[in-house]
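Below you'll find the structure, written out as structure tokens, and then a few comments.
The figures here come from the full heavy-atom set of this structure, side chains too, leaving out hydrogens, waters and symmetry mates. Given the structure is predicted, the values throughout are model-derived calculations rather than measurements.
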Amino acid sequence: MENNEVLVEISARHAHLTREHLDILFGEGFELSFKKALSQPGQFATNERIRVIGSKGEFPGVSILGPLRSATQVELSLTDARSIGVTAPVRESGDVAGSGSCKLVGPAGEIEISEGVIAAMRHIHATPDDAERMGLENGQIVKVEIPTANDRSLIFGDVVVRVSENYALAMHIDTDEANAAGMAPNSIGKIIK
């Protein structure tokens, strides 16, 4: 890959849970079971699923990603959120204060979360070495061109760069954004500063 290229991954709807909420939804002391590793080190898809319910509908089999977090977060596309009647402000992952609410249902129980539903801001994960090599800084806002073979190529603006030793180089967009570009999974984007 060239110095301005980045792998672009499509992130479908999913949830991150706290220990407390996992216990309520699946039973005291329940442990998530590993399904597959994700591109970001230490992150993984699990075999477990929950129902996410809004005022107009629900998604019955939403994936849970591990490991457990300090705050429960449900990530939906804006289309997903509208279709089930929940609010999902565009936010960076982890910024859940004052975000949307919904009901979560698991095999052992259910909870109403008063905040935690977001549409994830499109972002690039980079290590400090990646960022230095590419001339990027943590928190920087860039554009990324997604060339496609089907006459739907586009340039995404407002892409936030997130730099950490714990990351692997990749850009994440949601299903709405991928569909807008007619993008195939694991396409290569070009960063424009």
Side-chain angles (χ1 to χ4, degrees), residues 6-54 57-81 83-97 99-127 162 164-179 183-187:
V6 62
L7 173 69
V8 183
E9 298 176 322
I10 304 166
S11 183
R13 70 181 77 106
H14 62 272
H16 302 275
L17 299 176
T18 62
R19 173 81 257 168
E20 175 190 3
H21 290 166
L22 182 65
D23 286 345
I24 292 167
L25 296 171
F26 287 88
E28 192 73 29
F30 186 87
E31 294 297 331
L32 295 170
S33 62
F34 181 92
K35 181 177 181 180
K36 69 175 184 177
L38 300 176
S39 66
Q40 296 307 304
Q43 303 292 307
F44 59 95
T46 73
N47 293 301
E48 288 71 36
R49 302 282 182 269
I50 55 174
R51 288 170 50 207
V52 175
I53 303 173
E58 71 175 75
F59 294 116
V62 175
S63 299
I64 299 170
L65 302 186
L68 295 174
R69 291 206 176 169
S70 59
T72 290
Q73 178 174 294
V74 177
E75 294 183 36
L76 302 174
S77 71
L78 294 175
T79 299
D80 284 347
S83 73
I84 65 167
V86 298
T87 299
V90 176
R91 301 272 184 87
E92 283 192 58
S93 183
D95 180 10
V96 297
S99 61
S101 61
C102 70
K103 180 189 280 189
L104 303 178
V105 179
E110 61 184 52
I111 50 172
E112 293 271 355
I113 58 170
S114 60
E115 61 184 20
V117 181
I118 66 167
M121 185 175 189
R122 41 189 175 253
H123 57 279
I124 296 171
H125 293 281
T127 66
R162 300 173 64 191
S164 170
E165 288 286 355
N166 301 322
Y167 292 155
L169 183 62
M171 177 178 172
H172 289 160
I173 61 175
D174 69 26
T175 53
D176 282 354
E177 294 164 325
N179 289 336
M183 190 188 97
N186 300 322
S187 293

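Residues R91 and V96 share a closest heavy-atom pair of NH1-C, 3.8 Å. Scanning all heavy atoms of the two residues, the minimum distance from S33 to E48 falls at OG-OE2, 2.7 Å. In plain terms, the two heavy atoms of Q73 and S93 that are nearest each other are NE2-OG, 3.0 Å. For the pair F59 and I84, the tightest heavy-atom approach, listed with the atom from each and the gap, is CE1-CG2, 3.6 Å. What you find for A88 and I118 is that their closest heavy atoms are CB-C, 3.8 Å. Residue S39 comes nearest to A168 through the heavy atom pair O-CB, 3.5 Å, listed as atom of the first residue, atom of the second, then distance.
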Handout entry: Audit row: E92, H123, side chain to side chain contact (heavy atoms under 4.5 Å, CB included) steps and yes/no
Key = CA-CA 8 Å; E92 283 192 58; H123 57 279; over 6 Å; no

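Inter-residue side-chain proximity for R49 and S63 is flagged as met; some heavy-atom pair is nearer than 4.5 Å. Side-chain contact check for I173 versus M183: some heavy-atom pair is nearer than 4.5 Å. In this structure the side chain of H21 reaches within 4.5 angstrom of the side chain of I113, judged on heavy atoms. L169 has its side chain out of reach of L7: every pair of non-hydrogen atoms, C-beta onward, lies at least 4.5 Å apart. Looking only at side-chain heavy atoms (C-beta outward), S187 and E9 stay at 4.5 Å or farther from each other. Annotation: side chain of H125 is in contact with side chain of H172 (closest heavy-atom distance under 4.5 Å). Inter-residue side-chain proximity for L104 and T72 is flagged as met; some heavy-atom pair is nearer than 4.5 Å. No side-chain heavy atom of K35 sits less than 4.5 Å from a side-chain heavy atom of F44.
Ring orientation note: the planes of H16 and H14 are nearly perpendicular, at an angle over 60° on the 30°/60° scale.
Without hydrogens or angle criteria, R69 side chain to G66 main chain gives no donor-acceptor distance under 3.5 Å. Remark: the backbone N or O of T79 is paired with a side-chain donor or acceptor of D176 at under 3.5 angstrom. With hydrogens and angles ignored, the 3.5 Å screen pairs no side-chain donor or acceptor of S77 with any backbone N or O of D174.
Residues that satisfy the side chain to side chain donor-acceptor pair (under 3.5 Å) test with E20, not counting sequence neighbours, are absent from this structure.
Note that CG of D95 is 9.5 Å distant from CD of E115, once rounded to the nearest 0.5 Å. Here the CD-CZ distance, from E110 to R51, works out to 8.0 Å after rounding to the nearest 0.5 Å. For the atom pair CZ of F26 and OG1 of T46, the computed distance is 7.0 Å after rounding to the nearest 0.5 Å. Here the CE atom belonging to M171 is positioned 6.0 Å from the CD1 atom belonging to I124, to the nearest 0.5 angstrom. In this structure, the separation between CG on L65 and CG on L17 is 9.5 Å, given to the nearest 0.5 Å.
Using a cut-off of 4.0 Å between Lys/Arg side-chain N and Asp/Glu carboxylate O, R19 and E31 are scored as salt-bridged.
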